[in-house]
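Note: hydrogens, waters and symmetry copies are ignored here, and every other heavy atom, side chains too, is used. As the structure is a computational prediction, the values presented were derived from the model and not from experiment.
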Amino acid sequence: MAPVLVVDGANVVGSVPDGWWRDRAGAAVRLRDALVPVADAGLDGVPGPVRVVLVVEGAARGVTGVDGVEVVSAPGSGDDTIVEVAASADGPVWVVTADRALRERVRAVGAHVVGPRAVPRR
């Protein structure tokens, strides 16, 4: 069973002040594309291959997945969707977020947590 890496899209995009607020969907696409190599290589402490799930919300809803990165558009709260994905995943789960409340919630369902800096960015 491959580990699952669930990425809090809004939190990770927001962790770098690169003008993402002018084009939230475009920022989510750039993050999605930067995650493609992670599916094979994994991250520090999370050996590949991994199943990468990027959770998007708000203006980024509608961003589609690509080979190696599944995209889930949260119908409401992105945090609630992340917890649901983490709780229902088969195998070990890591969640990428800096959100303290979300970290507590996903740990409660058995997930591990890594910060946004663990994710490669272009």
Side-chain angles (χ1 to χ4, degrees):
M1 234 177 294
V4 179
L5 184 72
V6 183
V7 180
D8 179 351
N11 187 265
V12 174
V13 162
S15 70
V16 178
D18 62 359
W20 59 264
W21 51 88
R22 291 188 294 267
D23 181 9
R24 293 169 193 257
V29 167
R30 288 188 298 278
L31 174 58
R32 178 204 62 198
D33 294 348
L35 290 168
V36 170
V38 172
D40 288 326
L43 296 175
D44 285 342
V46 185
V50 297
R51 176 178 160 225
V52 178
V53 181
L54 172 62
V55 177
V56 296
E57 60 186 298
R61 283 187 188 107
V63 169
T64 59
V66 295
D67 285 343
V69 181
E70 176 184 345
V71 177
V72 174
S73 290
S77 163
D79 289 2
D80 290 348
T81 301
I82 291 164
V83 173
E84 290 169 13
V85 170
S88 66
D90 292 331
V93 178
W94 279 264
V95 174
V96 181
T97 188
D99 182 310
R100 289 182 187 160
L102 179 58
R103 285 174 171 245
E104 301 270 334
R105 291 179 65 193
V106 297
R107 284 185 178 126
V109 299
H112 307 279
V113 178
V114 296
R117 290 185 183 164
V119 174
R121 301 292 295 267
R122 290 185 193 174

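- Nearest heavy atoms, A74 versus G78: CB-CA, 3.7 Å.
- Annotation: ring-ring contact (aromatic ring centres under 6.0 Å, His included) contacts involving residues 28-65, sequence neighbours excluded, are absent.
- Sorted by first and then second residue, the side-chain hydrogen bond (donor to acceptor under 3.5 Å, both in side chains) pairs involving residues 55-65 (not counting sequence neighbours) form an empty list.
- Criterion: ILVMFWY side-chain heavy atoms under 4.5 Å apart, direct or through other members. Under it, L5 and V83 are not part of a common hydrophobic cluster.
- What you find for V119 and L31 is that their closest heavy atoms are CG1-CD1, 3.9 Å.
- Counting heavy atoms from C-beta outward, V113 and R107 have side chains that approach closer than 4.5 Å.
- Partners of R103 under the side-chain hydrogen bond (donor to acceptor under 3.5 Å, both in side chains) rule, at least two apart in sequence or in another chain, do not exist in this structure.
- When all heavy atoms are compared, the tightest approach of S73 to V63 is OG-O, 4.4 Å.
- For the residue pair A25 and A59, the shortest heavy atom distance occurs at CB-O, 3.7 Å.
- For the side chain to side chain contact (heavy atoms under 4.5 Å, CB included) with V6, the lone residue among V106, L54, V55, T81 that qualifies is V55.
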Hey, can you pull the donor-acceptor pairs under 3.5 Å for the side chains in residues 38-53, sequence neighbours left out?
{"from": "R51", "atom 1": "NE", "to": "E70", "atom 2": "OE1", "distance (Å)": "3.3"}
{"from": "R51", "atom 1": "NH2", "to": "E70", "atom 2": "OE1", "distance (Å)": "3.0"}

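- When hydrophobic clusters are built by joining Ile, Leu, Val, Met, Phe, Trp and Tyr residues whose side-chain heavy atoms come closer than 4.5 Å, directly or via intermediates, V36 is not grouped with V4.
- For R117, the side-chain contact (heavy atoms from CB on, under 4.5 Å) criterion is met by no residue, not counting sequence neighbours.
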Return a table of donor-acceptor pairs under 3.5 angstrom between the side chains of residues 91-100 and protein atoms on other chains or two or more places apart.
{"from": "T97", "atom 1": "OG1", "to": "D8", "atom 2": "OD2", "distance (Å)": "2.9"}
{"from": "T97", "atom 1": "OG1", "to": "D99", "atom 2": "N", "distance (Å)": "3.1"}
{"from": "D99", "atom 1": "OD1", "to": "A101", "atom 2": "N", "distance (Å)": "3.0"}
{"from": "D99", "atom 1": "OD1", "to": "L102", "atom 2": "N", "distance (Å)": "2.8"}

